[in-house]
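Structure, as structure tokens:
Convention: sequence-line order gives letters A, B, ...; per-chain numbering from 1.
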Amino acid sequence: MSTLPWTSDEIMTVAAARSLSDGMSCFVGIGLPSTAANVASRTHAPGLWMIYESGTLGASPGHLPLSIGDGILAETADTVVSVPEVFNYWLQAGRIDVGFLGAAQVDRYANINTTVIGDYADPEVRLPGAGGAPEIAASCREVIVIMRHDRRAFVDKVDFVTSVGHGAGPGDRERLGLTGAGPVRVITDLGVLEPDPITRELTLVGVHPGVEVAHVREATGWDLRVAEDPRRTPEPTGAELSVLRSLTGAAHI
Amino acid sequence: MSTLPWTSDEIMTVAAARSLSDGMSCFVGIGLPSTAANVASRTHAPGLWMIYESGTLGASPGHLPLSIGDGILAETADTVVSVPEVFNYWLQAGRIDVGFLGAAQVDRYANINTTVIGDYADPEVRLPGAGGAPEIAASCREVIVIMRHDRRAFVDKVDFVTSVGHGAGPGDRERLGLTGAGPVRVITDLGVLEPDPITRELTLVGVHPGVEVAHVREATGWDLRVAEDPRRTPEPTGAELSVLRSLTGAAHI
Amino acid sequence: MAVPLDEAVGRLVHDGDTVALEGFTHLIPVAAGHEIIRQGLRDLTLVRMTPDIVYDQLVGAGCARKLVFSWGGNPGVGSLHRFRDAVTRSWPVPLEIEEHSHAGMANRYVAGASGLPFAVLRGYSGTGLIGNNPHVKTIVCPFTGQELAAVPALNPDVTVIHAQRADAAGNVQLWGITGIQKEAAMAAVRVLVTVEEVVDELEPVPGQVVLPARVVDAVSVAPGGAAPSYAHGYYERDNSAYKDWDAVGRDREAFGAWLAELTGSTGSEPPSTSDPVGKGA
Amino acid sequence: MAVPLDEAVGRLVHDGDTVALEGFTHLIPVAAGHEIIRQGLRDLTLVRMTPDIVYDQLVGAGCARKLVFSWGGNPGVGSLHRFRDAVTRSWPVPLEIEEHSHAGMANRYVAGASGLPFAVLRGYSGTGLIGNNPHVKTIVCPFTGQELAAVPALNPDVTVIHAQRADAAGNVQLWGITGIQKEAAMAAVRVLVTVEEVVDELEPVPGQVVLPARVVDAVSVAPGGAAPSYAHGYYERDNSAYKDWDAVGRDREAFGAWLAELTGSTGSEPPSTSDPVGKGA
């Protein structure tokens, strides 16, 4: 990929940005989701309404926040509400169109782990934990996951279900009383996965320029199903790259 | 009483004001309770912390509000909070020392009716209803009731229990899970009643100057018990009357 | 985004709807209430913690078949006589009532705004409000075994509030005593906000509540639309209007005249006369 | 009413207490956390939605026996290595953990502030947080039959927050992102507030939260007391300090040196060495 004029993180972020529509309300996690949402709001989705879990509603930060509670979010928000209010009146009430999450592990049914690698009682790696993710995954109308693609991250079964994707398959979300549709797309640095409409199993539906399907299957910890004719992600436009790079600075270029 | 230099409403209000201590937090109902609390805060209790159910915490109105939500309450409050917050975080949490209530009817066990006179389904008189009173009566550390004394108001059993006083007697508040002590005093234009420590029955413990015990018994709709040596309410001082009259204007003089 | 009030009411409020016109003494949406009367809406379930004279007017005009409330009175003055007449004499039409405490109503709106089916509170215990109300139940804490009250969420079809300002995008700003308006609006399926004015920029104000445009379906400019209640920073409460209402509300004929003037009808008759007893309350 | 911070901590925080030092990225009570370390408090149950580097420091210093939280990390940087070392290697002492989601923790504080024994939310369903946590149960709506999650109220012995200002009477004012501080304070038995300054009059500020003096047990003046987090209107977040912590926190020895400097002790040893494995994590 070294011949391409953009990095794999950049195509991932741009692809994620493209999946947000103008006018949507978006519950934004920090890191990759925040970068992608801010690219979207500066390109095709100027009316994207970003909510960070610190209670900043309609934030439009002039630069990327390092945390979900940076001052720039409060200063640019339509209004700032308390944490109980953002979770109860906004998220739980089903007012958010799309929840935009990162993850340490995701599995075949798009269940998400941000808690531990290994056994919970005696973990190999202790991760930060749940934060707002379980209820974002439960209550947003849709969820989009953005994360880098490798076999440690894409596992057959997550070590810990921090946030429910499609559980163990069809009907599980309904049975669990989860009101939103759950993950509709997982965007990685290699391609795009979506749950099969029937089986809910994550299926490769798109690959980024220069990426082979075999490579994606190789980087996935289960026998990945592949759509008949996976879409090729359109290359990042100059405008997209320039916005992205102005946000991330040299580090990501 | 026409020879006295003050009215029966005035001695009632002054007696009620005196039962509030400096520094107390007081949940104030509109009308007589509000008048009495404002007399107290201008005489012996400058640190009285008045809460009105509109969410105005620490209000110190320059004139008597006509309603629980007058602008003067918001303008003079330490802070204004939402209605759910005043009921949940302040009242229900048990933070209020004294709830100060009026009533249309009160009974032998200090249960309070502000809902209907007569049968609920086919009332003689439809009154405004509960408002904040049930939870004020339940959750304040103590409750003081202020109301005019006559047989229609002081009844053996209220037509409707809007707010629980001492239920049907000893142990009832505990059984009902009510956290506060309930009504500790009923102050009227004739005298002062307090629940008997054992039976919880309202007992006449004080009479205002110029009032005979027989008169109070006459004005009460049950066979009123009388303390052995009812206190005589000290006359209103000149300072108390002048503050009261400056608040109420000519109408109450 | 601002639309004329008659158009907004016509679009958002329908016969049979559950409608909350909220305001806690302050910022009462009176102009919107009057427009509902003018449009002759019927069979409404009216909801409000503190129904006051505009609800007396709606009830007297025969708009409501049910009232859900916690304190119904003319604040600082006394009773609501149209309300009394409806409850005790079914005039002009029978009025079913469902009554709560303020704490119960407030928490019902909170549950509604939160997407929960019910709320838990310490309340109602031992009161007559339980026996008369199927909407209060007992729930047991799964950790301590304590018994508490449960009340169902309130989710009006329409909530109507009055606010000081909105911007062109439809973001709404109110301040002073903000009461239960945020919860009532966020609990509703549709939200109509009348405002004193639309401004270019909502300059932040201490104590403000901002309702983002995406929870507001229509903004209508109605200067003075909260009178005779008040709008903090705009005008004072007209206490004399509350006192004057007492005489009008007490008398069916006087009310009929008031109603005729409001609706611009020629006669002075009430909208219906289902009570053969005639003038009452 | 303001008292020196060492005196306030000495009076309000005791060994074995449940202590919440709250702040959601903004206004984190770092100075108070350091004073708790300096006073060598032990066996604390530390509570916070978002434990970050000051909690890493408290854990590394051996002050805590348990952590109740929903997201433990170095925001924008990565993991907390003292926290990891305590969880995975019991260094310097074993750390029990009880973990929730943000929504669960927020509602636990709300219940605590409201005098309720539990809170209800849509949450946890299907997650691993249930199996590992006896503090999450199921409750059934008595009106609809829906199943929801119940979590017990959180009522810390002490809540510590940092605010911009207090007045001489002890009323506290904070603004910007106010997070969960109001609920955490009102849920607590005792409340300690560090402030940037004490002023004669709390001029109202848009977006403010005012905590009345009667829910505050002590105010201590600690200018810069939220650094390296920020105090809206006073100073910015020191992002480099968060990044720099990563190297210190990763290494027991580097941490020991940091701790010695904080506490003014001469050696560079950690406070205890119950883990014979030595330098880890």
Side-chain angles (χ1 to χ4, degrees), chain A residues 30-31 52-56 65-71 73-75 79-88 91-92 94 111 113-116 120-139 158-164 167 172-173 175-179, chain D residues 23-26 49-50 52 69-80 83-84 86-88 97 99-107 109-110 121-129 131-132 146-148 175-183 207 209 229-230 232-233 236-237 239 242-243:
Chain A
I30 210 66
Y52 289 79
E53 65 193 14
S54 57
T56 52
L66 186 67
S67 80
I68 45 78
D70 279 17
L73 298 173
E75 282 154 23
T79 187
V80 180
V81 299
S82 72
V83 163
E85 191 169 326
V86 75
F87 282 103
N88 292 344
L91 181 59
Q92 180 172 261
N111 301 297
N113 175 16
T114 54
T115 301
V116 290
Y120 185 77
D122 185 20
E124 284 163 50
V125 184
R126 173 66 230 192
L127 300 164
E135 285 78 22
I136 293 172
S139 294
V158 287
D159 292 350
F160 188 96
V161 180
T162 312
S163 306
V164 180
D172 255 27
R173 287 188 68 87
R175 189 179 54 74
L176 292 166
L178 307 178
T179 51
Chain D
F24 213 78
T25 312
H26 178 217
M49 292 181 66
T50 53
D52 66 354
F69 74 109
S70 39
W71 190 91
N74 185 342
V77 179
S79 291
L80 298 175
F83 165 56
R84 276 195 178 178
V87 171
T88 59
I97 59 171
E99 67 184 300
H100 288 269
S101 66
H102 277 351
M105 284 290 281
N107 281 294
Y109 279 128
V110 168
L121 73 156
R122 292 187 194 279
Y124 294 95
S125 182
T127 75
L129 295 166
N132 293 291
Q146 282 179 69
E147 282 198 358
L148 297 138
W175 66 93
I177 290 171
T178 53
I180 192 68
Q181 282 96 315
K182 180 189 277 188
E183 286 74 19
V209 164
S229 82
Y230 70 107
H232 203 115
E236 301 278 312
R237 191 170 193 267
N239 287 334
Y242 281 85
K243 288 172 184 154

Contact summary for [X] and [Y], nearest pair of heavy atoms:
X: A/Val116; Y: A/Pro123; result: CG1-CB, 3.7 Å
X: D/His102; Y: D/Trp71; result: CE1-CB, 3.5 Å
X: D/Gln181; Y: D/Gly23; result: NE2-CA, 3.6 Å
X: A/Ser163; Y: A/Ala137; result: CB-CB, 3.7 Å
X: D/Phe24; Y: D/Gly179; result: CB-CA, 4.1 Å
X: D/Tyr242; Y: D/Ser229; result: OH-CB, 3.3 Å

Can you tell which part of [X] gets under 4.5 Å to a heavy atom of chain D, answering side chain, backbone, both or neither?
X: A/Thr115; result: side chain
X: A/Leu176; result: both
X: A/Thr56; result: side chain
X: A/Asp70; result: both
X: A/Glu85; result: neither

**Prompt:** Should the heavy atoms of other residues, nucleotides or ligands under 6.0 Å from CD of D/Gln146 be counted, would the total exceed 12?
**Reply:** yes
Sort out for me which of [options] touches chain A most, counting heavy-atom pairs under 4.5 Å.
options: D/Gly78, D/Pro75, D/Ala103; value: D/Ala103
options: D/Thr50, D/Leu129, D/Thr178; value: D/Leu129
options: D/Gly176, D/Gly104, D/Gly128, D/Gly123; value: D/Gly128
options: D/Gly73, D/Gly126, D/Ala106, D/Gly207; value: D/Gly126
options: D/His232, D/His26, D/Glu236; value: D/His232

For [X], which atoms come within 4.5 Å of any heavy atom of chain A: side chain, backbone, both, or neither?
X: D/Ser79; value: side chain
X: D/Tyr109; value: neither
X: D/Phe69; value: side chain
X: D/Met49; value: side chain
X: D/Arg122; value: both
X: D/Leu148; value: neither
X: D/Glu183; value: side chain

For chain D, the option from [options] that forms the most heavy-atom pairs under 4.5 Å:
options: A/Asp172, A/Ile30, A/Leu178, A/Asn88; value: A/Asn88
options: A/Gly69, A/Ala130, A/Pro128, A/Ser82; value: A/Pro128
options: A/Ser67, A/Gly55, A/Ala121, A/Ala74; value: A/Ser67

**Prompt:** Do D/Arg237 and D/Thr25 pass the side-chain contact (heavy atoms from CB on, under 4.5 Å) test, and can you show the C-alpha distance, the side-chain angles, and the key distance before you say yes or no?
**Reply:** CA-CA 9 Å; D/Arg237 191 170 193 267; D/Thr25 312; 3.9 Å; yes
**Request:** Start with the C-alpha distance between A/Phe87 and D/Ile180, add both sets of side-chain angles, then the distance that settles side-chain contact (heavy atoms from CB on, under 4.5 Å), and finish with yes or no.
**Result:** CA-CA 11 Å; A/Phe87 282 103; D/Ile180 192 68; over 6 Å; no
**Item:** Separation of A/Asn113 CG from D/Thr127 OG1 (nearest 0.5 Å)
**Value:** 11.5 Å
**Prompt:** Regarding A/Arg126 and the six-membered ring of D/Phe83, is the cationic atom NZ or CZ under 6.0 Å from the ring centre and inside 45° of its axis?
**Reply:** no
**Request:** Could you check A/Gln92 against A/Thr179 for side-chain contact (heavy atoms from CB on, under 4.5 Å), going step by step and ending with a plain yes or no?
**Result:** CA-CA 9 Å; A/Gln92 180 172 261; A/Thr179 51; over 6 Å; no
